[in-house]
Amino acid sequence: MLSYWEKSTLIHHDLIVIGSGIVGLSAALHYQLAHPKKKVAVIERGLFPSGASTKNAGFVCFGSISELAENARTDSQDELLSLVEKRYKGGLELRQLLGDSRINYRPVGGYELDFDGDLHERVEAYNDWLKPLFNEPVFCDARDKIPSFGFSQAKIKGLVKNQFEGSIDTGKMMDAFARKAREAGVQFYTQTEVLHYQEQTHGVEVTVATTDGPLRLFTYQLALCTNAFTKALLPEADLEPGRGLVLITKPLTWAPPQGTFHYHSGYNYFRNAGNRILLGGARHLDLKGETTTKEGINTLLKEQLTEDLKSFIAPSRPLEIDYAWSGIMAFGKEKAPLLLHPSIHVHAAVRLGGMGVALGTGLGKELAQRLGATTS
Ligand SMILES: Cc1cc2nc3c(=O)[nH]c(=O)nc-3n(C[C@H](O)[C@H](O)[C@H](O)COP(=O)(O)OP(=O)(O)OC[C@H]3O[C@@H](n4cnc5c(N)ncnc54)[C@H](O)[C@@H]3O)c2cc1C
């Protein structure tokens with residue numbers, strides 16, 4: 001039962017953003033900064049964001065050589081170059097917006113592990129292709145670092161470095177983002193699921209689940225930043241969910257390698273997180289099983305990642321897996337994210353793939369600009 005005060009002031013908004021992941025926070029923040037007098041709310045079904053943004057590995061990256069080669073099977077060279085530009089500039093934008101020290105950005109460089117020993121032969125061609133964007137070589141042969149990183153020299157035959165990659169602390173990044181949005185005036189409703197919405201003549205009616213039953217809110221504009229979960233609200237969205245697994249070791253008694261590391265065309269990755277190793281991926285081993293919006297630990301993937309850790313990442317080093325978690329991403333046939341405008345007052349920015357840390361801030365900003373262009 002709503003009071004007069006609730007009805008007159010609290011249920012009406014200028015903009016409601018569904019989803020408090022990177023894209024939702026960036027959209028809400030940028031819109032609020034551009035329109036300080038507007039009433040902006042972010043609605044999130046979890047206590048924390050419950051998709052990918054607080055579950056990821058914290059790589060600020062734009063693609064290893066073999067991952068870009070794999071992407072080139074579905075995307076043209078021009079599309080791919082434009083995507084690399086968006087990923088790279090998106091990473092810079094995130095760092096500029098929140099500040100390197102607040103998100104613990106570390107310019108450690110990214111490395112691709114090579115099992116065949118011929119990856120370095122492709123360095124020059126990729127540097128030439130990326131020259132218009134970076135104006136200097138992106139990749140270099142780093143085979144000399146294999147012994148000091150402690151990798152198995154019998155299994156790892158090559159290593160290529162990307163000097164423009166780095167890592168962040170994902171938790172600190174999301175905390176800094178939410179604080180900045182709150183400071184700008186954005187209202188947050190967490191543990192509140194949006195059940196459905198209905199476009200109306202002068203805005204959108206948004207029905208949320210509350211402990212007292214469904215409640216209707218009203219907004220002039222609605223932004224869906226629901227990534228993998230979008231189909232529940234917008235069935236025509238062209239995307240599939242993809243679960244990602246992450247394992248973390250117990251604190252190590254030895255110094256883990258410093259950097260962001262990839263192998264198997266970007267499907268697998270690891271880095272240090274303080275004095276632990278965080279590693280994840282291997283989704284390609286069970287793509288069907290991992291096409292789900294449900295959190296969970298796939299034992300096959302967990303066993304393979306643990307085996308990788310012991311056999312070539314840190315062979316004959318004492319280590320133990322502490323725990324694992326999963327997060328849910330969204331993928332499409334093409335790698336570019338989707339910016340949709342399904343009805344007059346409704347927009348969506350979704351399908352971030354596995355590089356939303358890099359892409360999310362820019363995409364949210366672009367969405368805020370679109371919303372601003374049609375503001376009442
Ligand atoms: C294991 C893993 C590792 C990754 N590693 C990296 C990496 O190292 N680098 C990188 O660039 N990217 C990485 N990613 C990808 C990156 O995290 C995502 O692309 C990015 O976080 C997507 O952000 P988003 O805001 O679009 O979606 P999300 O973070 O998923 O946010 C969507 C939000 O919408 C909420 N929501 C959905 N439906 C509703 C509803 N009906 N009502 C209310 N709320 C709702 C969800 O709870 C969720 O919080 C990784 C992802 C995973 C899972």
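FYI, side chains are in, hydrogens and waters are out, and symmetry mates aren't considered; it's all heavy atoms of this structure. All ligand and atom numbering here is 1-based and tracks the order in the structure.
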**Student:** For this output row, return yes or no: ring centroids of H262 and Y269 closer than 6.0 angstrom.
**Tutor:** no
**Student:** Tabulate below the donor-acceptor pairs under 3.5 Å that side-chain atoms of residues 281-289 make, not counting sequence neighbours, or state none.
**Tutor:**
from	atom 1	to	atom 2	distance (Å)
D286	OD1	G289	N	2.9
D286	OD2	N298	ND2	2.9

**Student:** When the ring planes of Y88 and F62 are compared, do they come out parallel, tilted or perpendicular, using 30° and 60° as the limits?
**Tutor:** perpendicular
**Student:** On the ring face of F59, is R271 found with NZ or CZ under 6.0 Å from the centre and within 45° of the axis?
**Tutor:** no
**Student:** Show the protein residues that qualify under the rule heavy atom under 4.0 Å from an atom of ligand 1, listing them in chain and number order.
**Tutor:** I18, G19, G21, I22, V23, I43, E44, R45, P49, S50, G51, A52, S53, K55, N56, A57, G58, F59, T192, E193, V194, C225, T226, N227, F229, L233, G244, V246, Y269, G327, I328, M329, L352, G353, G354, M355, G356, V357, A358
**Student:** Is it true that E79 and K335 have a side-chain N and a carboxylate O under 4.0 angstrom from each other?
**Tutor:** no
**Student:** Is the shortest side-chain N to carboxylate O distance from K37 to D14 below 4.0 Å?
**Tutor:** no
